[in-house]
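Here, residue 1 is the first one in the sequence, and each next residue gets the next number.
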Amino acid sequence: YFGYARQDRKDTPRVPITAKLVADMVQNAGADRALVMDIHAKQIQGFFNCPVDNLQAFPVIVDYIKKNKMNKLVVVAPDPGGVERARELGKKLRCPLVLVDKRRSKPNVSKVFNIIGKVEGKNTIILDDMVDTAGTLTQVVRALKQNGAEKVYAAATHGILSGAAVERIKRSEMEELLITDTISIAGEKIIPKIKVLSISGLMGEAISRIHTETSVSDLFI
């Protein structure tokens, strides 16, 4: 998990691009290559002056969905910025894509306005790169249920789960939240609705291929 990844651009005056600072600190500490998992914005790879491999958690998420035989699925992008990520998952699962029109007034504060696409009678899976306070996520869950979705699942690579996130997830109509172990999850945050998937095999394979100088590209498929 790459810290400060959301501070990747100057969208308002006097805002720091801290993601660049972190990239510089990692390299100044002696790193000559970076292996990250589902970085928030792909342009952050350009902040490094060394090779960067940005893996995604799709393989473990897709494997879990197929093993649990989730049917009538629709993949939901919780905001316009997540369309590309959701479209890729939709291709792998061969299911339609739905977009949520969302406006963010300030950090960690957003409001759902509209659902673009059909979810009535469908099982939906919301896909994002991280779950922080879960405010947006639970609003999207509510909006999907109001628009006739049968079951609502969610999947995210990084489970930050700050503040009241766990309590919001517990109270929501969400069936299950899939997250990976890129961030260690404290015991009190493990509730029945949260399923932690391991990316150790994926990361281990990438590290092995880097050291043996074989192709890492196959892991991006």
Checklist entry - R85 and D38: side chain to side chain contact (heavy atoms under 4.5 Å, CB included), yes or no, with the steps? => result CA-CA 10 Å; R85 184 183 295 107; D38 208 351; 3.7 Å; yes

Checklist entry - Does NZ belonging to K67 count more than 12 external heavy atoms closer than 6.0 Å? => result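 Counting other residues, nucleotides and ligands, NZ of K67 stays at 12 neighbours or fewer.
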
Item to check | Distance-minimising heavy-atom pair for A34 and C50 | outcome: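 Closest approach of A34 to C50, heavy atoms only: N-SG, 4.3 Å.
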
Item to check | Shared hydrophobic cluster for I179 and Y1 (ILVMFWY, side-chain gaps under 4.5 Å) | outcome: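 Per the 4.5 Å side-chain linkage, I179 and Y1 are not co-clustered.
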
Checklist entry - Just by modelled atom types, is the K118 backbone N or O under 3.5 Å from a matching donor or acceptor in the N147 side chain? => result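 No, N147 side chain to K118 backbone: no donor-acceptor pair under 3.5 Å.
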
Checklist entry - About how many Å separate CD1 of I126 and OH of Y153, when rounded to the nearest 0.5 Å? => result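 Those atoms lie 12.0 Å apart.
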
Next on the checklist: Donor-acceptor check, side chain of R209 to backbone of S215, threshold 3.5 angstrom: yes or no?
Outcome noted: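 Yes, R209 side chain to S215 backbone: donor-acceptor pair under 3.5 Å.
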
Checklist entry - Given side chains that start at C-beta, do those of I169 and L161 come closer than 4.5 Å, heavy atoms only? => result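 Contact flag for I169/L161 side chains = yes.
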
Item to check | Minimum side-chain heavy-atom gap I185-I194 below 4.5 Å | outcome: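 Of all side-chain heavy-atom pairs linking I194 with I185, none is under 4.5 Å.
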
Next on the checklist: Please evaluate residues D53 and I210 with respect to the criterion side chain to side chain contact (heavy atoms under 4.5 Å, CB included), reporting the C-alpha separation (whole Å), side-chain torsions for both, the decisive distance (0.1 Å), and the verdict.
Outcome noted: CA-CA 10 Å; D53 292 302; I210 289 169; 3.6 Å; yes

Next on the checklist: If hydrophobic clusters are built from ILVMFWY residues whose side chains come within less than 4.5 Å, do L35 and F2 share one?
Outcome noted: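 No, because L35 and F2 fall into different hydrophobic clusters, even though each may have its own neighbours under 4.5 Å.
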
Checklist entry - So, Q27 side chain and A23 main chain: donor-acceptor pair closer than 3.5 Å or not? => result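 Yes, the answer is positive, given that a donor and an acceptor are paired below the 3.5 Å cut-off.
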
Item to check | Heavy-atom closest pair, residues H40 and D129 | outcome: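 Taking H40 first and D129 second, the nearest heavy atoms are ND1-OD2, 2.7 Å.
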
Next on the checklist: More than 12 heavy atoms of other residues, nucleotides or ligands under 6.0 Å from CZ of R33: yes or no?
Outcome noted: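 Yes - once you tally the heavy atoms of other residues, nucleotides and ligands closer than 6.0 Å, there are more than 12.
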
Checklist entry - Where do A77 and A86 come nearest, in terms of heavy atoms and distance? => result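 Of all heavy-atom pairs spanning A77 and A86, the closest is CB-CB, 3.7 Å.
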
Item to check | Test item: K189 side-chain N/O and G159 main-chain N/O as donor-acceptor pair under 3.5 Å | outcome: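 Side chain of K189 to backbone of G159: no pair is present.
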
Checklist entry - How far apart are the closest heavy atoms of G3 and V22, and which atoms are they? => result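 Heavy atoms of G3 and V22 come nearest at O-CG2, 4.1 Å.
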
Item to check | Minimum side-chain heavy-atom gap N123-M70 below 4.5 Å | outcome: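 In short, these two side chains do not touch, never coming nearer than 4.5 Å.
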
Next on the checklist: Hydrophobic clusters here meaning ILVMFWY residues chained together by side-chain heavy-atom distances under 4.5 Å, can you tell me if L177 and V119 are in one?
Outcome noted: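 Same hydrophobic cluster.
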
Checklist entry - Roughly how far apart are F47 CZ and L21 CG, rounded to 0.5 Å? => result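 Atom-to-atom, F47:CZ and L21:CG are 11.0 Å apart.
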
Item to check | NZ (K195) with more than 12 external heavy atoms under 6.0 Å | outcome: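 No, because the 6.0 Å sphere around NZ of K195 holds 12 heavy atoms or fewer from other groups.
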
Checklist entry - What do you reckon, is CD of E173 surrounded by more than 12 foreign heavy atoms closer than 6.0 Å? => result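 Check fails, neighbour count at 12 or below.
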
Next on the checklist: Is the shortest side-chain heavy-atom distance between V100 and I115 below 4.5 Å?
Outcome noted: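 They are in contact (side-chain heavy atoms under 4.5 Å apart), so the answer is yes.
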
Checklist entry - So, Q45 side chain and K42 main chain: donor-acceptor pair closer than 3.5 Å or not? => result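 Yes: the side chain of Q45 pairs with the backbone of K42.
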
Next on the checklist: For K91 and E88: C-alpha separation, side-chain torsions, deciding distance, then whether salt bridge (Lys or Arg N to Asp or Glu O under 4.0 Å) applies.
Outcome noted: CA-CA 5 Å; K91 286 180 182 177; E88 284 301 311; 3.8 Å; yes

Next on the checklist: Would you say that more than 12 heavy atoms from the other residues, nucleotides or ligands in this model lie under 6.0 Å from the CG of D32, or not?
Outcome noted: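 At most 12 heavy atoms, drawn from other residues, nucleotides or ligands, come within 6.0 Å of this atom.
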
Next on the checklist: With heavy-atom distances below 4.5 Å as the criterion, would you say the side chains of L55 and M203 are in contact?
Outcome noted: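 L55 vs M203: side chains touch.
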
Item to check | Spacing of CG belonging to N114 relative to CG belonging to D101, to within rounding of 0.5 Å | outcome: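 Between N114 CG and D101 CG, I get 6.0 Å after rounding to 0.5 Å.
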
Next on the checklist: I need the M130 CE to R6 CZ distance, nearest 0.5 Å.
Outcome noted: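 Reported value, rounded in 0.5 Å steps: 5.0 Å.
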
Item to check | Euclidean distance, F58 CZ relative to T157 OG1, rounded to 0.5 Å | outcome: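 One gets 7.5 Å once the value is rounded to the nearest 0.5 Å.
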
Next on the checklist: Keeping K72 on the side-chain end and K122 on the backbone end, is there a donor-acceptor pair under 3.5 Å?
Outcome noted: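 Answer holds: no.
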
Checklist entry - Are the side chain of H158 and the backbone N or O of M37 linked by a donor-acceptor pair below 3.5 Å? => result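 Pair found, side chain donor or acceptor close to backbone of M37.
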
Checklist entry - Which heavy atom of L97 sits nearest a heavy atom of V74, and at what distance? => result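 Looks like C-CG1, 4.5 Å.
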
Checklist entry - Is any side-chain heavy atom of E167 closer than 4.5 Å to a side-chain heavy atom of K170? => result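 They are in contact (side-chain heavy atoms under 4.5 Å apart), so the answer is yes.
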
Item to check | Under 3.5 Å: donor-acceptor pair, side chain of D8, backbone of I44 | outcome: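 Checking the backbone N and O of I44 against the side chain of D8, no donor-acceptor pair under 3.5 Å is found.
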
Item to check | Over 12 non-hydrogen atoms of neighbours within 6.0 angstrom of NZ in K151 | outcome: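 For K151, atom NZ is not crowded (no more than 12 foreign heavy atoms under 6.0 Å).
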
Checklist entry - With a 4.5 Å limit on heavy-atom distance, are the side chains of M174 and L137 in contact? => result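 Yes; the side chains approach each other to less than 4.5 Å.
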
Item to check | Common cluster, L73/L197, ILVMFWY with side-chain heavy-atom separation under 4.5 Å | outcome: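 Yes, one cluster joins them.
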
Checklist entry - From I160 CD1 over to D132 CG, what is the distance, rounded to the nearest 0.5 angstrom? => result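 It comes to 4.5 Å.
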
Item to check | Same apolar cluster: L144 and V131, side chain cutoff 4.5 Å | outcome: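 Yes, same cluster.
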
Next on the checklist: Within the 4.5 Å heavy-atom criterion, are K10 and I17 side-chain neighbours or not?
Outcome noted: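 K10 reaches I17 side chain to side chain.
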
Checklist entry - So with a 6.0 Å cut-off around OH of Y64, is the heavy-atom count from everything else above 12? => result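 Yes, enclosed.
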
Item to check | Any donor-acceptor N/O pair, D128 side chain to A156 backbone, under 3.5 Å | outcome: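 No, D128 side chain to A156 backbone: no donor-acceptor pair under 3.5 Å.
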
